[in-house]
Structures are given as structure tokens and as C-alpha cells.
Asks: 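Dumping the structure here so I can ask a few things about it.
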Amino acid sequence: MDNSATQGELEAGRGYEALFVPALFAPWTGHVLDGAGVQDNDHVLDVACGSGVLARDALARSGQSGRVVGIDPAPGMIAAARETEPGIEWVLGSAEALPFDSGSFDCTVSQFGMMFFQDRSKAADEMYRVTKPGGKLATAIWNSIDQNPAYRDIVAVLDEHVSTAAGDAVRVPFCLGNANEVADILSQAGFGDVGFETKTEQATFPSSRTMVEVELRGWLPLFGINLSEEKIADVLIKSDAKLSKYAAPSGEARFQTSAYIMTARKPH
Ligand SMILES: C[S@@+](CC[C@H](N)C(=O)[O-])C[C@H]1O[C@@H](n2cnc3c(N)ncnc32)[C@H](O)[C@@H]1O
């Protein structure tokens with residue numbers, strides 16, 4: 001795959017790292033690395049690494065003699081990851097075709113990526129193949145949107161004031177709320193000791209408007225939904241009433257998020 005990102009893709013990767021990582025994703029890395037039991041000297045693969053927050057924390061745990069590799073199909077994410085931490089091996093590629101030898105990693109981890117895999121069974125087969133016999137897998141997956149009320153509120157605003165297609169786009173990251181579905185996929189790939197634990201973490205966005213605006217300007221266009229400036233201004237006003245309950249005195253939007261950490265082991 002071509003490893004170069006356009007300037008626009010790089011800016012998008014940097015934007016994700018600057019906003020979404022501290023707001024939503026950084027609080028989860030400890031749960032995933034604990035689930036996989038990452039320790040000193042481990043060789044760790046982060047699948048769907050994005051801008052690399054989980055891989056960076058894996059490196060901190062696996063130490064100087066460990067090896068950490070992050071893989072993601074988005075060139076801008078990989079470029080932003082490389083810029084932030086040049087000491088990790090960043091690879092452009094997808095979960096369904098991992099370009100690594102079988103049995104290369106003690107731990108395979110993935111944080112909030114599986115919902116986007118085009119072929120989850122193939123990805124599970126690949127994660128199984130590259131994990132060493134006896135090695136562990138851990139993956140974080142959002143619970144259903146009903147367990148993530150701030151996003152349920154945004155979806156309600158979009159359903160009512162934009163379209164159900166817009167609401168559906170924001171529902172996508174919450175589409176694997178049924179942990180048993182993921183457990184079945186991992187078991188069918190050959191993993192044993194498959195289990196999960198539900199966790200909650202606090203998300204903190206600079207404001208509720210920022211949170212909604214990134215959905216309108218950054219996420220909906222990925223689904224071919226491009227709103228006019230007038231419409232964006234209107235939706236932001238409509239969302240104020242619904243999201244004001246999450247406003248902290250500082251103006252930040254703070255709310256609880258719910259996800260589960262699925263763990264499994266490749267048998268010896
Ligand atoms: C919500 S982000 C999570 C990124 C990162 N793990 C984190 O915690 O910040 C989802 C990531 O999944 C990646 N992704 C989408 N389809 C993928 C696939 N088929 N294989 C691997 N990664 C994929 C996207 O490019 C994106 O970086």
C-alpha cells in the first residue's frame with residue numbers, strides 16, 4: 001500500500017489525535033492493555049491503531065526490549081501516529097490482511113476498531129493467525145447507543161432535524177453492542193477463554209458544540225452527508241437544549257461512556 005498521506009489526510013489524523021484521543025479514547029488504553037496482560041518484553045500488535053494512543057501506551061508497558069507495531073488503513077492516521085511517536089513501527093494496512101508472519105505477537109490488541117472492519121470474521125482469523133500460541137487478544141468495543149446517552153441524544157437531534165441517514169451514521173460506532181456476537185466471531189476464529197467485562201469511562205470534550213460540530217463536519221461527510229453552513233448552525237442551536245445537561249461549569253461537555261473489553265487466548 002502507498003504509505004504517503006495527502007496534506008488533508010495528515011490534518012485529519014492530527015485533528016483526531018488533538019481532539020478525539022484526549023476526549024474519548026485515551027481513558028480506555030489501560031483496560032485494553034490489562035485485558036491482554038501486556039508486560040515487559042512483549043511483542044504487541046495494535047490493530048486499527050488510528051493515531052496510535054494504544055500502541056504508545058503498550059510501548060510504555062513492554063519496555064525497551066519489547067516490540068510494538070500499529071496498523072491502520074488510513075494514511076492520515078498512520079502519518080499522525082508516526083509524527084507523534086517515531087519509535088513504533090507504523091504500518092498502513094487493514095485488519096483483514098495483516099502483513100505479518102504467523103505467531104509474531106504475544107498480544108494482539110485493538111481499541112474501537114472492530115465496528116468498522118468490513119469482514120470481521122476475516123479480521124478475527126488474521127488476528128488469531130498473527131498471535132503466538134498461548135498469546136492474548138483484547139479489544140475495546142462500544143456498548144449499544146442506549147448505554148451511551150450523550151451519543152443517543154446527538155442521534156435524536158440528527159434523526160429529527162437532519163435525516164435518519166444522518167442519525168444512522170452516528171449509530172455506526174455503537175453497532176456491536178451485543179458482546180455475544182463478537183464472542184462468537186472470536187470463538188469461530190479459534191480463540192479460547194473468550195470473555196468480556198463492561199467498563200465505564202468519562203469523556204470530556206471542550207464543549208458540547210465541539211462534540212456535535214465534529215460529527216457534522218467530520219463524520220457525516222464520510223457517509224456522503226454534507227450540510228450547508230446554515231443547516232450546521234441550525235443543528236447546533238437545536239442540539240444545545242438536548243446536550244446542556246452535560247455542561248460542566250468550565251463549559252466542557254462531560255459524560256459517561258460505556259464499552260466492553262473482550263479478551264481471548266490462542267490455545268497452545
Ligand atoms: C475510532 S478509530 C480508533 C483508533 C484507535 N484505536 C484509538 O483508540 O484512538 C477507528 C479506526 O479503525 C480504523 N479502521 C477502519 N477500518 C479498518 C480495517 N478494515 N482494518 C483496520 N482498521 C480499520 C480506522 O481507520 C480508524 O483509525
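Side chains are part of it too, since the values below use all heavy atoms of this structure and drop only hydrogens, waters and symmetry mates. When a ligand or atom number is given, it counts from 1 through the structure's own listing order.
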Asks: If you measure from the Lys or Arg side-chain nitrogens to the Asp or Glu carboxylate oxygens, is any gap between Arg209 and Glu213 under 4.0 Å?
Replies: no
Asks: Taking side-chain hydrogen bond (donor to acceptor under 3.5 Å, both in side chains) as the cut-off, I'd like each qualifying pair that reaches into residues 137-147, sequence neighbours left out, listed once.
Replies: Asn143-Ser258
Asks: Give the residues near ligand 1 by chain and number, with the criterion being a heavy-atom distance under 4.0 Å.
Replies: Tyr16, Phe25, Ala48, Cys49, Gly50, Val53, Asp72, Pro73, Ala74, Met77, Ser94, Ala95, Glu96, Gln111, Phe112, Phe116, Phe117
Asks: Tell me whether Asp234 is salt-bridged to Lys238, with the criterion being a basic N under 4.0 Å from an acidic carboxylate O.
Replies: yes
Asks: Side chains of residues 182-199: which donor-acceptor partners sit under 3.5 Å, not counting sequence neighbours?
Replies:
{"unit_1": "Ser187", "atom_1": "OG", "unit_2": "Ala183", "atom_2": "O", "d": "2.9"}
{"unit_1": "Glu197", "atom_1": "OE1", "unit_2": "Lys199", "atom_2": "NZ", "d": "3.1"}

Asks: Sequence neighbours left out, what pairs pass salt bridge (Lys or Arg N to Asp or Glu O under 4.0 Å) with at least one residue falling in residues 23-45?
Replies: Asp34-Arg61
Asks: Tell me, with the steps shown, if Leu236 and Leu216 meet side-chain contact (heavy atoms from CB on, under 4.5 Å).
Replies: CA-CA 9 Å; Leu236 288 176; Leu216 303 180; 4.2 Å; yes
